[in-house]
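Notes to accompany the following structure.
In the text below, chain A, chain B and the rest are named by the order of the sequence lines, each starting its count at 1.
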Protein chains: 2
Amino acid sequence: MIAIIFLPLRMNKRNTKTKQLILETLKNAETAVSQDILQEELGDAVDRATIYRVLNSFCDDGIVHKILGDDGKYYFAFCVNCTEKKHHHNHFHFRCLECGKIECLPNEVDIKLPKGYRSVNFNGFISGYCAACSPGA
Amino acid sequence: MIAIIFLPLRMNKRNTKTKQLILETLKNAETAVSQDILQEELGDAVDRATIYRVLNSFCDDGIVHKILGDDGKYYFAFCVNCTEKKHHHNHFHFRCLECGKIECLPNEVDIKLPKGYRSVNFNGFISGYCAACSPGA
DNA sequence: AATATTATCGCGATCATGTCGCAATAATGA
DNA sequence: TCATTATTGCGACATGATCGCGATAATATT
């Protein structure tokens, strides 16, 4: 099913099939996805570089989060609970080493910085095994 | 000055000049260092790949921490307050976007995972401006 | 001390993620 | 319908990190 998703048409952005596809995939995904995962889903229909560009463009528009996984790759997730102005990113992400799923951990965390320090980016990552993948323990 | 540092000689490890040099540099550094920073300090005396290998080897031995910076590079820091068995890694690291310095933030953090989840790696990173580099604010 | 063993090194090649330039394409506005 | 220009595809590039392999050198053995 092809969902019609509105892109922000301000700022001279255009609405293309590729963007629709990627946005739809992101929306349907229950986890944050990286370029290579998207590539798999989309097959050779869409170019590598294009995926990167679209994802980063979405990110600039505030539609998706961009998070750096603790495997060194970037993951993108559809923005929920974020208004135009205020994004909520100060939570940890969890990556399952077995099934690869990435989830947001519920608790927002507040890290105290030393006096005079200014925070710009927050990145919290925990990897391990999710409930489904660590049955024994 | 050449400090004599003991490497774990168990596990068929050998003690070489290169390892001594790198370990010494790590010990003297007041911040976590990445391969390229080490490369600068060591000049062309030591090969790129060797530095990587030695660092990862140290990491396997539990001598140094390996942390993924929010710039996508790995940083290594001498292990302090870590016993053979128990490492204390559950603190945030701060990277100054101006001077590049990397520091450990004092507070250990305890993130609650959902039921059944098992944590293996912890990675907390905040980047911004340190006191020296953000005078105005 | 001399020799054998093999961890480590240096060098080059390779892989991976992510980015960029540019000509061709296609989405929008007039 | 046409003009404008955002977007795409393709190739090349940049960087961090890894690997294979022969040469070197740190230990172990005799």
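Between Ile67(A) atom CD1 and Cys59(A) atom SG the span is 10.0 Å, to the nearest 0.5 Å. Rounding to the nearest 0.5 Å places CD1 of Ile126(A) at 5.5 Å from CD1 of Ile111(B). Here the straight-line distance linking atom CG of Leu26(A) with atom CD1 of Ile63(A) works out to 9.5 Å at 0.5 Å rounding.
One interatomic measurement links the two molecules: CD of Glu40(B) to P of dG16(D), which rounds to 11 Å at whole-angstrom precision. In this structure, CG of Leu21(B) is placed 11 Å from P of dG10(C), rounded to the nearest angstrom. Put simply, CD on Gln20(B) is 16 Å from C1' on dC9(C), counting in whole angstrom units. In this structure, Lys13(A) places its NZ atom 15 Å from C1' of dT8(D), rounding to the nearest Å. The distance between atom CG of Leu68(B) and atom P of dG18(C), rounded to the nearest whole Å, is 11 Å. When the P atom of dA26(C) is taken as reference, atom NZ of Lys19(A) falls 16 Å away, rounded to whole Å. The CZ-C1' distance, from Arg14(B) to dC9(C), rounds to 12 Å in whole Å. Straight-line distance from the CD1 atom of Ile22(B) to the C1' atom of dT8(C): 12 Å, rounded to whole Å.
Within the structure, a side-chain polar atom (N or O) of Asn56(A) is placed less than 4.0 Å from OP1 or OP2 of dT19(C). Distances shorter than 4.0 Å separate none of the side-chain N or O atoms of Tyr52(B) from OP1 or OP2 on dT18(D). Listed pair Thr16(B) / dA26(D) fails the phosphate criterion, with no side-chain N or O lying under 4.0 Å from OP1 or OP2.
When hydrophobic clusters are built by joining Ile, Leu, Val, Met, Phe, Trp and Tyr residues whose side-chain heavy atoms come closer than 4.5 Å, directly or via intermediates, Phe92(A) is not grouped with Tyr129(A).
Sorted by first and then second residue, the pairs that involve residues 39-53 of chain B and meet side chain to side chain donor-acceptor pair (under 3.5 Å), not counting sequence neighbours, are Gln35(B)-Gln39(B). For the side chain to side chain donor-acceptor pair (under 3.5 Å) condition, the pairs that include at least one residue of residues 67-79 of chain A, sequence neighbours left out, are Asp36(A)-Lys73(A), Asp70(A)-Arg95(A), Asp70(A)-Ser127(A), Asp71(A)-Tyr75(A).
Both Ser34(B) and Lys17(B) lie near DNA chain D, and the one whose nearest nucleotide falls closer to the 5' end is Ser34(B).
In this view, Phe125(A) and His93(A) satisfy the ring-ring contact (aromatic ring centres under 6.0 Å, His included) rule, not counting sequence neighbours. For Tyr117(B), the side-chain contact (heavy atoms from CB on, under 4.5 Å) partners two or more places apart in sequence, or in a different chain, are Phe94(A), Glu103(A), Cys130(A), Ala131(A), Leu113(B), Pro114(B).
The C1' atoms of five pairs define one axis at each end of the helix from dA1(C)-dT30(D) to dA30(C)-dT1(D), and these two axes lie 30° apart (to 10°).
There is a side-chain donor-acceptor pair under 3.5 Å between Asn56(A) and Lys66(A).
Using a 4.0 Å heavy-atom criterion, one finds that Ser57(A) contacts no nucleic acid atom at all.
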For nucleotides 10-15 of chain D, give me every protein contact, N/O to N/O, under 3.5 Å, one pair per line with atom names.
unit_1  : atom_1 : unit_2   : atom_2 : d
dC10(D) : N4     : Arg53(A) : NH2    : 3.4

